[in-house]
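Nothing fancy with the numbering, it's 1 onward along the sequence.
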Amino acid sequence: MKSIYHKIILSILAVLMLTPAYAQTDQPEFVPTSAQKGVATSTDVLMIALPVATLAGVIIEKDWKGLVQGCYTAAATAGATLILKYSVKEWRPDHSNRHSFPSGHTSTSFATAAFIQRRYGWKLGAPAYAVATYVGWGRVFSKKHHWWDAVAGAAIGAGSAYIFTRPWARDHNLSIAPIADPLTNTLGLTASFSL
């Protein structure tokens with residue numbers, strides 16, 4: 001009986017030592033270059049400026065339907081990004097914390113760019129996508145994210161905008177509803193497609 005307890009304790013300790021969620025980083029402290037600091041600051045500014053400018057434009061144009069669609073896009077993007085950040089717990093390349101996957105800056109920027117493109121066309125969407133692409137690149141360059149974090153953020157943001165911004169949502173009868181059972185809490189998504 002005593003040997004069973006020893007085996008269980010040793011097994012638990014082995015799993016804890018080998019599990020990345022509990023592993024400590026032994027990487028040397030990252031010291032960013034001045035270029036990396038400048039790019040990181042510019043991505044912080046653009047990640048806020050792009051949605052704020054878009055919101056201002058929507059309000060000036062009194063596009064209330066667009067405002068609602070933008071809010072749905074923002075909520076879905078933020079929800080998916082935060083759930084993944086706090087579930088995956090991947091180390092950032094600069095080892096500052098474990099919130100690398102996915103890139104929130106990139107998901108926000110691509111959600112805004114895709115919203116602009118879907119709602120107002122490519123004339124405004126193309127420059128917005130250029131800004132969003134710079135933000136994604138900048139997060140990788142400044143060692144705040146791995147390249148796959150930026151790609152996942154872009155997919156989450158653009159995907160949310162393509163789902164909630166017309167004409168997609170209208171044309172496919174999009175419906176979202178919470179689903180709860182004793183084991184999970186999730187969102188159900190249904191849409192109709194013609195073949």
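- In this structure, L67 CG and T54 OG1 are separated by 11.5 Å, a value rounded to the nearest 0.5 Å.
- Transitive grouping of hydrophobic side chains (ILVMFWY, heavy atoms separated by less than 4.5 Å) keeps V151 and V135 in distinct clusters.
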Between F30 and H95, is a side chain to side chain contact (heavy atoms under 4.5 Å, CB included) present by the stated rule, with each step listed? CA-CA 7 Å; F30 173 74; H95 295 281; 5.9 Å; no
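- In summary, R139 and D44 engage in a salt bridge, as defined by a charged side-chain N under 4.0 Å from a carboxylate O.
- For CH2 of W122, the number of neighbouring non-hydrogen atoms (other residues, nucleotides, ligands) closer than 6.0 Å is greater than 12.
- Using modelled atom types and a 3.5 Å distance limit, the side chains of S103 and D149 yield no donor-acceptor pair.
- If you take OG1 on T77 and CG on L82, they are separated by 10.5 Å, rounding to the nearest 0.5 Å.
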Could you go step by step and tell me if H145 and T106 meet the side chain to side chain contact (heavy atoms under 4.5 Å, CB included) rule? CA-CA 10 Å; H145 291 284; T106 308; 5.6 Å; no
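- With rounding to the nearest 0.5 Å, the separation of OG1 in T43 from CD1 in I48 is 10.0 Å.
- Closest heavy-atom contact between I156 and A80: CG2-CB, 3.9 Å.
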Side chain to side chain contact (heavy atoms under 4.5 Å, CB included) evaluation trace for F164 with F115: CA-CA 9 Å; F164 291 106; F115 168 79; over 6 Å; no
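- Using a 4.5 Å cut-off on side-chain heavy atoms (C-beta onward), S142 and P32 make no contact.
- Ring orientation note: the planes of H146 and W148 are close to parallel, at an angle under 30° on the 30°/60° scale.
- Atom-to-atom distance recorded for T165:OG1 and Y120:OH is 9.0 Å, nearest 0.5 angstrom.
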Stepwise side chain to side chain contact (heavy atoms under 4.5 Å, CB included) test for V39 and Y134: CA-CA 9 Å; V39 169; Y134 171 79; 3.9 Å; yes
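- A donor-acceptor pair is defined here as one N or O able to donate and one able to accept, closer than 3.5 Å; no such pair exists between the side chain of K144 and the backbone of R92.
- By the 4.5 Å heavy-atom criterion applied to side chains, K65 and R119 are counted as neighbours.
- For the pair T108 and P51, the minimum side-chain heavy-atom distance is below 4.5 Å.
- Taking both residues in full, the closest heavy atoms of A132 and F110 are given as O-CE1, 3.4 Å, listed atom of the first, atom of the second, then distance.
- For the atom pair S96 OG and W91 CH2, the distance stands at 8.5 Å (nearest 0.5 Å).
- Residues A150 and G136 share a closest heavy-atom pair of CB-O, 3.9 Å.
- Taken together through direct or relayed side-chain contacts under 4.5 Å among Ile, Leu, Val, Met, Phe, Trp and Tyr, L55 and W64 form part of one hydrophobic cluster.
- Environment of OH in Y129: crowded, with over 12 heavy atoms of neighbouring residues, nucleotides or ligands closer than 6.0 Å.
- Scanning all heavy atoms of the two residues, the minimum distance from V58 to G66 falls at CG1-C, 4.4 Å.
- With hydrophobic clusters built from ILVMFWY side chains whose heavy atoms lie under 4.5 angstrom apart, L50 does not share a cluster with M47.
- Taking CZ from F101 and NZ from K89, the interatomic distance works out to 15.0 Å, rounded to the nearest 0.5 Å.
- Using modelled atom types, one side-chain atom of Q36 and one backbone atom of T33 make a donor-acceptor pair closer than 3.5 Å.
- Using bins of under 30°, 30° to 60° and over 60° for the plane-to-plane angle, the ring pair Y86/H99 lands in the tilted bin.
- Between W137 and F141, the ring-plane angle classifies as parallel under the 30° and 60° cut-offs.
- In this structure, a donor-acceptor pair under 3.5 Å is present between the side chains of T81 and S107.
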